[in-house]
Peer 1: 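Let me give you the structure first, and then I'll get to my questions.
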Amino acid sequence: MALLEIKDLHARVANKDILRGIDITVNAGEVHAIMGPNGSGKTTLAQVLAGRPNYEVLSGTVRFEGKDLLAMKPEDRAREGIFMAFQYPVEIPGVGNAYFLKAAVNAVRKYRGQPELDAMEFLSLIEDKMKLLGLDESYMKRGLNEGFSGGEKKRNEIFQMAVLEPRLAVLDETDSGLDIDALRVVANGVNSMRSRDRGMLVITHYSRLLHYIVPDFVHVLAGGRIVKSGGKELAEELEKTGYAGLGLEEVTPAAAPAPVGH
Amino acid sequence: MAVTVSLTDPYLFAFDSFAKTANETEPGWLRKLRTTAIGNFEKSGFPTPKDEDWKHTNVAPIARTSFAFDPKAGAPRIPGDLVEAYTFGVLKCSQLVFVNGRFAPKLSYLRWLPEGVRVGSLHEILHFDPKALEHELGRVASTEKAAFAALNTAFLQDGAFVHVPRGRVVEEPIHLLYVSTSQEPAAVSYPRNLVLLDHEAQATLIESYVGLDKGPYFTNAVTELRVGPGAVLDHYKMQRESEAAMHFSNTALLQGRSSAVASTSFNLGGGTVRNDVRTLFQDEGGSLALNGLYLLHDAQHCDNHTFIDHAKPNCTSLELFKGILDAKSRGIFYGKILVRKDAQKTNARQTNKNLLLSNEAFADSTPGLEILADDVKCAHGSTVGQLDENAVFYLRSRGIDESSARTLLTYAFAGEIINQVKVASMRIKLDQLVLSRLPGSEAIRETL
């Protein structure tokens with residue numbers, strides 16, 4: 001059974017049709033990159049998978065390990081093993097990083113019928129992963145993403161992913177706003193998570209990230225449809241020719257739907 | 001002028017008969033203080049909704065009710081374990097308990113205090129050592145155009161007197177616990193606190209106002225805080241009155257040169273609540289952190305008015321008030337910062353944020369700055385809104401259910417104020433109190 005099976009997915013945001021028939025199948029162990037110009041629907045796809053309210057699915061199906069993903073609440077999707085690394089992680093002052101992450105870990109464990117972790121068990125769980133992402137202890141005491149730089153926020157996303165150990169990770173433009181050093185740290189974190197029972201959807205505008213996280217498959221999204229699929233060489237081709245080489249144009253910002261909430 | 005004679009009359013008559021009995025024993029300066037105050041009350045009358053400062057708080061129900069007032073009554077006896085619930089667990093502190101406005105020595109205790117520090121019942125000091133108060137009482141809190149401060153001053157009976165002499169540091173907090181019981185007919189009490197910190201003295205003061213049961217009564221409190229040069233005061237006010245009660249308070253603060261004051265109020269109780277805070281920088285270099293949290297449900301009404309007077313240069317005031325309003329509650333913030341002409345290099349920031357948990361809740365936020373100096377750094381702002389849905393979704397996307405996510409975010413909103421409390425056991429208590437008031441708190445308490 002496929003890990004994730006998206007069939008003929010149509011979705012709209014704010015009365016504008018964005019996804020117009022997406023088909024993607026991700027098997028465990030595979031890393032799929034989804035590339036596309038601005039306004040092509042990349043972020044909408046990620047949000048629909050994570051279950052953000054106000055993203056309206058018009059038709060099509062999404063099965064996650066055979067289950068109807070679209071029928072699940074966002075929290076249940078997370079508990080079933082989907083993790084989305086946000087393009088713009090929110091800052092939540094007053095909720096400590098450590099508190100938040102422990103609550104998340106235990107919510108997931110409870111759902112799976114596993115015993116909840118106490119403070120000591122939780123700390124030993126996160127210790128190595130903090131090192132992997134270069135986060136020091138002061139980080140845990142700070143408010144969730146509070147005052148974090150762009151790079152810190154992205155590192156925090158990948159750190160959360162490493163702790164929550166999802167079956168499917170969806171990385172939404174994780175490379176945006178990262179300098180080359182931060183990109184390496186983040187990519188290293190992601191690569192350490194690659195395994196035969198985990199799938200990944202890596203969404204990016206630029207092929208730069210794919211030098212560090214090398215995908216098994218590349219799909220090009222445009223106008224809400226997958227217009228081309230191939231192996232990692234497709235990313236290299238795009239790097240040379242740009243989206244224009246595929247006859248694709250960037251949707252101008254005016255025509256692109258505003259990302260909800262930003 | 002809005003003089004509503006018919007409504008002030010009962011108070012004026014009550015004063016006449018009260019003054020007759022009080023005059024026998026009281027020193028002349030106190031009689032004069034009372035007479036001036038009642039005169040000011042007569043002049044101003046009760047405020048009406050036409051007064052800009054009172055447009056959201058209608059005092060007619062108070063003005064129309066003849067609250068019982070017996071100046072001769074002592075503190076009724078109540079079991080100590082009833083009071084226990086309103087203390088702060090293991091906190092080592094000196095504690096003065098007042099029941100229905102009168103000092104209850106059996107429930108009170110003082111811990112070791114540095115030499116020269118006085119902490120005691122105002123009533124006792126007025127009786128045994130009135131000279132200690134002669135030039136202090138009524139110096140900070142004005143009774144002009146302040147009907148409720150005037151009534152408090154006219155009728156004041158008891159309260160706390162705290163004096164920390166030069167250079168003395170009181171390390172443990174001093175807790176003033178005002179407990180009210182419901183009586184038939186409903187009664188009024190006039191708690192009066194006078195806190196004096198001399199040169200470079202330091203103290204932590206907690207005022208608590210609590211209702212032991214659910215009935216109506218009226219608390220009309222005045223607290224005067226005089227913080228001398230270089231002195232440091234941490235001041236907390238915790239209001240947990242009966243939800244059928246009215247709580248009106250005036251807090252007047254006078255800050256000397258380079259003094260540092262942090263004052264935080266928590267309003268969780270009361271039916272109709274009005275808090276006035278007035279502060280004055282009397283000299284240069286003072287700093288003030290003025291914070292407040294009001295957490296309201298049902299039909300609770302809480303009106304906070306603050307006035308910060310930057311009369312002198314080089315002072316800093318940082319003000320943050322936050323409201324969490326559920327059901328049909330009403331939360332009002334009206335803040336004014338006056339930066340006078342000479343007050344160069346003033347740094348003032350005023351913020352009010354309100355979170356509405358229901359469509360029927362009402363928030364009114366009026367921050368205000370009046371700047372007459374030209375070299376200052378001032379800012380103010382206010383928000384009224386709901387929880388950030390992006391934040392709710394973010395938490396849900398990590399496996400936290402929606403109800404817990406909302407509770408957690410509301411709790412975090414309050415946390416910004418609670419976390420400023422330096423007294424750990426008070427902070428823990430506040431955490432519990434605030435959490436227990438939030439819908440769906442059971443689920444997140446487990447994980448805290």
Side-chain angles (χ1 to χ4, degrees), chain A residues 46-47 49-55 72-86 88-96 98-112 116-119 122 143-146 153 157 160-161 163-164 166 170 172 259-262, chain B residues 264 266 291 293 295 320-324 351 353-355 381 383 385-421 427-428 430-432 434-435 438 440-448:
Chain A
Q47 302 282 0
L49 292 177
R52 185 187 279 271
N54 304 330
Y55 281 69
M72 293 179 203
K73 292 188 278 193
E75 52 269 40
D76 286 338
R77 298 181 193 201
R79 294 161 180 179
E80 288 283 345
I82 290 188
F83 179 94
M84 180 169 81
F86 282 67
Y88 302 107
V90 289
E91 295 193 22
I92 310 184
V95 177
Y99 169 78
F100 156 74
L101 196 51
K102 181 163 164 274
V105 166
N106 280 335
V108 172
R109 290 181 68 89
K110 204 170 168 184
Y111 183 82
R112 292 176 186 166
E116 294 183 33
L117 300 183
D118 64 24
F122 173 72
L144 181 50
N145 290 322
E146 185 180 2
K153 283 180 185 166
E157 293 294 288
Q160 291 172 23
M161 175 175 113
V163 172
L164 290 168
V170 180
D172 186 11
V260 170
H262 295 288
Chain B
T264 307
F266 295 92
N291 300 306
L293 175 70
L295 175 60
L320 175 62
F321 272 69
K322 292 184 114 177
I324 301 175
T351 311
K353 295 181 183 174
N354 293 280
L355 184 57
T383 59
Q386 279 95 33
L387 288 174
D388 175 4
E389 290 302 323
N390 289 318
V392 174
F393 178 63
Y394 188 81
L395 296 180
R396 293 178 76 188
S397 79
R398 299 299 183 251
I400 296 168
D401 67 83
E402 183 175 2
S403 155
S404 297
R406 291 186 183 281
T407 309
L408 191 57
L409 290 170
T410 309
Y411 172 67
F413 182 85
E416 196 181 355
I417 303 292
I418 296 173
N419 290 337
Q420 308 214 19
V421 174
R427 201 168 55 236
I428 291 165
L430 276 160
D431 261 342
Q432 294 166 346
V434 168
L435 259 184
L438 302 179
S441 61
E442 300 77 19
I444 77 161
R445 197 173 323 190
E446 284 172 27
T447 51
L448 272 179

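Note that this is a predicted model, so its numbers are computed, not measured. Just so we're on the same page: letters track the sequence lines, and every chain starts at 1.
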Peer 1: Side chains of B/Y394 and A/L144, heavy atoms from C-beta outward: is any pair under 4.5 Å?
Peer 2: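 In contact.
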Peer 1: Let's test your reading of the structure: which of A/A50, A/P74, A/G51, A/G96 forms the most heavy-atom pairs below 4.5 Å with chain B?
Peer 2: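 The residue among A/A50, A/P74, A/G51, A/G96 with the greatest pair count is A/P74.
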Peer 1: Can you check whether B/V421's main-chain N or O pairs, donor with acceptor, with B/R427's side chain at less than 3.5 Å?
Peer 2: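 Checking the backbone N and O of B/V421 against the side chain of B/R427, a donor-acceptor pair under 3.5 Å is found.
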Peer 1: Identify which of B/A412, B/G399, B/A391 forms the greatest number of heavy-atom pairs closer than 4.5 Å to chain A.
Peer 2: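 Between B/A412, B/G399, B/A391, the count favours B/G399.
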Peer 1: Chain A: which of B/I418, B/N419, B/L395 shares the most heavy-atom pairs with it under 4.5 Å?
Peer 2: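 The candidate making the most pairs under 4.5 Å is B/L395.
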Peer 1: Taking the six-membered ring of B/F413 as reference, does the NZ or CZ atom of B/K322 fall below 6.0 Å from its centre and within a 45° cone about the axis?
Peer 2: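 Verdict for B/F413: a cation-pi partner in B/K322.
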Peer 1: Less than 4.5 Å to any heavy atom of chain B: does that hold for the side chain of A/P166, its backbone, both, or neither?
Peer 2: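 It is neither, since no heavy atom gets under 4.5 Å.
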Peer 1: Do A/M84 and A/F86 come within less than 4.5 Å of each other through their side chains, counting heavy atoms only?
Peer 2: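 Yes - at least one pair of side-chain heavy atoms lies under 4.5 Å apart.
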Peer 1: Is it the backbone or the side chain of A/L101 that comes under 4.5 Å from a heavy atom of chain B, or both, or neither?
Peer 2: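 When you check distances to chain B, no heavy atom of A/L101 falls under 4.5 Å.
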Peer 1: Against chain B, label A/Y111 side chain, backbone, both or neither, depending on which of its atoms sit under 4.5 Å from a heavy atom there.
Peer 2: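 Answer is neither: A/Y111 stays 4.5 Å or more from chain B.
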Peer 1: Do B/R406 and B/E402 meet the salt-bridge criterion of a basic N to acidic O distance under 4.0 Å?
Peer 2: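 Result for this pair is yes, salt bridge flagged.
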Peer 1: Given heavy-atom pairs under 4.5 angstrom as the criterion, report whether the side chain, backbone, both or neither of A/Q160 touches chain B.
Peer 2: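 Side chain only.
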Peer 1: Please report the shortest heavy-atom distance between B/A405 and B/R396, naming the atom on each side.
Peer 2: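 Closest approach of B/A405 to B/R396, heavy atoms only: CB-CG, 4.4 Å.
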